[in-house]
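Quick note on labels: first sequence line is chain A, next is B, and so on, each numbered from 1. Given the structure is predicted, the values throughout are model-derived calculations rather than measurements. These values consider heavy atoms only, across backbone and side chains, with no hydrogens, waters or symmetry-generated copies.
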Amino acid sequence: MHLGKSAELSTNETIRTAPSHFGFRQEVSVLEVVAVIDFETTGLSPAQGDRATEIAAVILADGQVVDRYQSLMNAGVRIPAFIEGLTGISNQMIRSAPPAAEVMREVFEFVGKTPLIAHNASFDSKFWDAELARIELCRPQEFACSLLLSRRLLPQAPSHKLGALVEFAGLPAAGRAHRALADAEMAANLMLHLADELRRRYQVEEISHNLLCKLQRTPKAKLEACLAQHLATCQDS
DNA sequence: TGCCAGGCCCTCTTTAGGGCCTT
């Protein structure tokens, strides 16, 4: 473990730091404590034999990143050349990384039962579940998805890729794209921006992970009705 | 040799097809 490392890692270092060094803080936080995760992998599908090569998790609380975890991991599989070029994670880097089982146990403990968020969570949840299953662990919490939420709350964005949304929203870049910690930091900042959109446009004062999960399952056309119902329920209780 | 995922969402739709998004 190393404290206070930069997000731009080129080796197999594992980091865990607090709080944020990237200087982004949402002025008014209405979002409950959540963990934003991002995987780098050898491909798109664990069902086809693809494995994780890197994991990052950042804890969001009070409008800022308060804790972070990142590590490369060695799953004993070869990284295709295309993926090496995409992520910058090479087979040489993976050879000296800690075993995948060890890293997954650490990050599972780091996240605990904190509600999870990822950009295109259907992808990260598949790898999260598959890597945990290999060490006989199960995920206790649900994933919310910043991609699904941004399609509902930022329909005017030209693209809903993570990098494009960060640029569209005027959020800071956190480092090299397609590295786990940088992408997790950017997804975290995007999530804070989406929470602020909910507060500013719909006067939602407290945003729970449950509400995010409900909104991401709500068709666009019914989003406002869903939020109106949520606000009415909050006023009654 | 050829092919290779899967969920979401829109539309020229719903008994379907194709683009987007993740690596």
Side-chain angles (χ1 to χ4, degrees), chain A residues 9 12 35-58 70-91 93-94 97 100 103-104 107 116-134 139 142-169 171 173-191 193-194 212-226:
Chain A
L9 298 182
N12 63 334
V36 184
I37 73 156
D38 187 79
F39 273 107
E40 303 305 320
T41 71
T42 61
L44 295 173
S45 174
Q48 299 295 311
D50 293 320
R51 296 294 305 276
T53 57
E54 186 178 46
I55 175 81
V58 301
Q70 182 203 30
S71 183
L72 293 168
M73 63 179 94
N74 185 350
V77 294
R78 185 158 188 82
I79 303 173
F82 167 72
I83 301 293
E84 281 190 324
L86 179 71
T87 66
I89 299 171
S90 67
N91 284 289
M93 290 161 65
I94 290 300
V103 172
M104 289 307 299
V107 72
L116 291 169
I117 291 176
H119 195 70
N120 198 5
S122 67
F123 174 84
D124 290 282
S125 63
K126 278 188 306 186
F127 280 93
W128 182 259
D129 291 345
E131 294 293 344
L132 288 183
R134 288 176 175 272
R139 163 168 59 96
E142 198 173 352
F143 267 91
C145 177
S146 57
L147 170 63
L148 296 181
L149 291 165
S150 66
R151 280 177 175 162
R152 284 158 178 75
L153 296 170
L154 302 174
Q156 71 277 30
S159 162
H160 293 89
K161 291 180 182 178
L162 179 58
L165 284 166
V166 165
E167 185 176 352
F168 175 76
L171 302 172
R176 187 195 197 283
H178 294 298
R179 286 302 300 266
L181 183 57
D183 282 1
E185 294 260 3
M186 288 194 288
N189 288 340
L190 173 62
M191 198 59 246
H193 179 76
L194 294 173
L212 296 177
C213 291
K214 185 176 180 182
L215 292 178
Q216 73 187 22
R217 291 191 298 264
T218 302
K220 271 184 192 176
K222 296 181 179 176
L223 189 69
E224 295 207 3
C226 178

(request) Can you tell me the distance, in whole Å, between the CZ atom of Phe127(A) and the C1' atom of dG7(B)? (result) 14 Å
(request) Nearest whole angstrom, please: distance from the P of dT23(B) to the CD1 of Ile94(A). (result) 15 Å
(request) Would you mind classifying the nucleic acid contact of Asp38(A) as base, sugar-phosphate or nothing, using non-hydrogen atoms under 4.0 angstrom? (result) sugar-phosphate
(message) Please classify the nucleic acid contact of Thr87(A) as base, sugar-phosphate, or nothing, using heavy-atom distances under 4.0 Å.
(response) sugar-phosphate
(request) Could you tell me the separation between the CD atom of Glu185(A) and the CG atom of Asp38(A), rounded to the nearest 0.5 Å? (result) 11.0 Å
(request) Would you mind telling me which of dT23(B), dC8(B), dA5(B) lies closest to the side-chain atoms of Phe82(A)? (result) dT23(B)
(request) For dT14(B) versus dC9(B), give the span between their C1' atoms, rounded off to a whole number of Å. (result) 13 Å
(message) Please give the distance between the P atoms of dT15(B) and dC20(B) as a whole number of Å.
(response) 25 Å
(request) Please report, rounded to the nearest Å, how far the P atom of dG7(B) is from the NE2 atom of His119(A). (result) 18 Å
(message) When you compare the side chain of Leu44(A) with that of Lys126(A), does any pair of heavy atoms fall below 4.5 Å?
(response) no
(message) What is the separation between atom CD on Gln216(A) and atom C1' on dC21(B), rounded to the nearest whole Å?
(response) 14 Å
(request) Nearest whole angstrom, please: distance from the C1' of dT23(B) to the CZ of Arg78(A). (result) 17 Å
(message) Give me the distance, rounded to whole Å, that separates dC3(B) from dC21(B) when you measure between the P atoms they each carry.
(response) 26 Å
(message) Between P on dG7(B) and CG on Leu44(A), what's the gap in Å once rounded to a whole number?
(response) 13 Å
(request) Check whether any side-chain heavy atom of Leu215(A) lies under 4.5 Å from a side-chain heavy atom of Leu149(A), and answer yes or no. (result) yes
(request) Rounded to whole angstrom, note down the P distance from dG18(B) over to dG2(B). (result) 22 Å
(request) Determine the Euclidean distance between corresponding P atoms of dG17(B) and dC4(B); express it in Å to zero decimal places. (result) 16 Å
(message) Whether Lys220(A) contacts dC8(B) is assessed here as follows: a side-chain N or O lying under 4.0 Å from the phosphate OP1 or OP2. Is that the case?
(response) no
(message) Between C1' on dG7(B) and CG on Leu148(A), what's the gap in Å once rounded to a whole number?
(response) 8 Å
(message) Considering every strand and a 4.0 Å limit on heavy-atom distances, what is the contact class for Ser159(A): base, sugar-phosphate, or nothing?
(response) sugar-phosphate
(message) Measure CG/Leu215(A) against P/dC9(B) and give the value in whole Å, please.
(response) 12 Å
(message) If you assign each of Arg217(A) and Leu147(A) to its closest nucleotide in DNA chain B, which residue comes earlier from the 5' end?
(response) Arg217(A)
(request) For the side chain of Arg151(A), starting at C-beta, report the closest nucleotide among dC20(B), dT23(B), dG6(B). (result) dC20(B)
(request) Go through the steps to decide whether Arg176(A) and Glu54(A) satisfy the test salt bridge (Lys or Arg N to Asp or Glu O under 4.0 Å), and finish with yes or no. (result) CA-CA 14 Å; Arg176(A) 187 195 197 283; Glu54(A) 186 178 46; over 6 Å; no
(request) For dC12(B) versus dG19(B), give the span between their P atoms, rounded off to a whole number of Å. (result) 14 Å
(message) Please report the distance separating the C1' of dG6(B) from the corresponding atom of dT1(B), rounded so that it comes out in whole Å.
(response) 25 Å
(request) Between Thr41(A) and Arg152(A), name the one whose nearest nucleotide on DNA chain B is closer to the 5' end. (result) Arg152(A)
(request) Assign the ring pair Phe143(A) / Trp128(A) to parallel, tilted or perpendicular, where the plane angle (0 to 90°) is split at 30° and 60°. (result) perpendicular
(message) Whether the side chain of Arg151(A) engages the backbone of Leu147(A) through a donor-acceptor N/O pair (distance < 3.5 Å, no angle test) should be reported.
(response) no
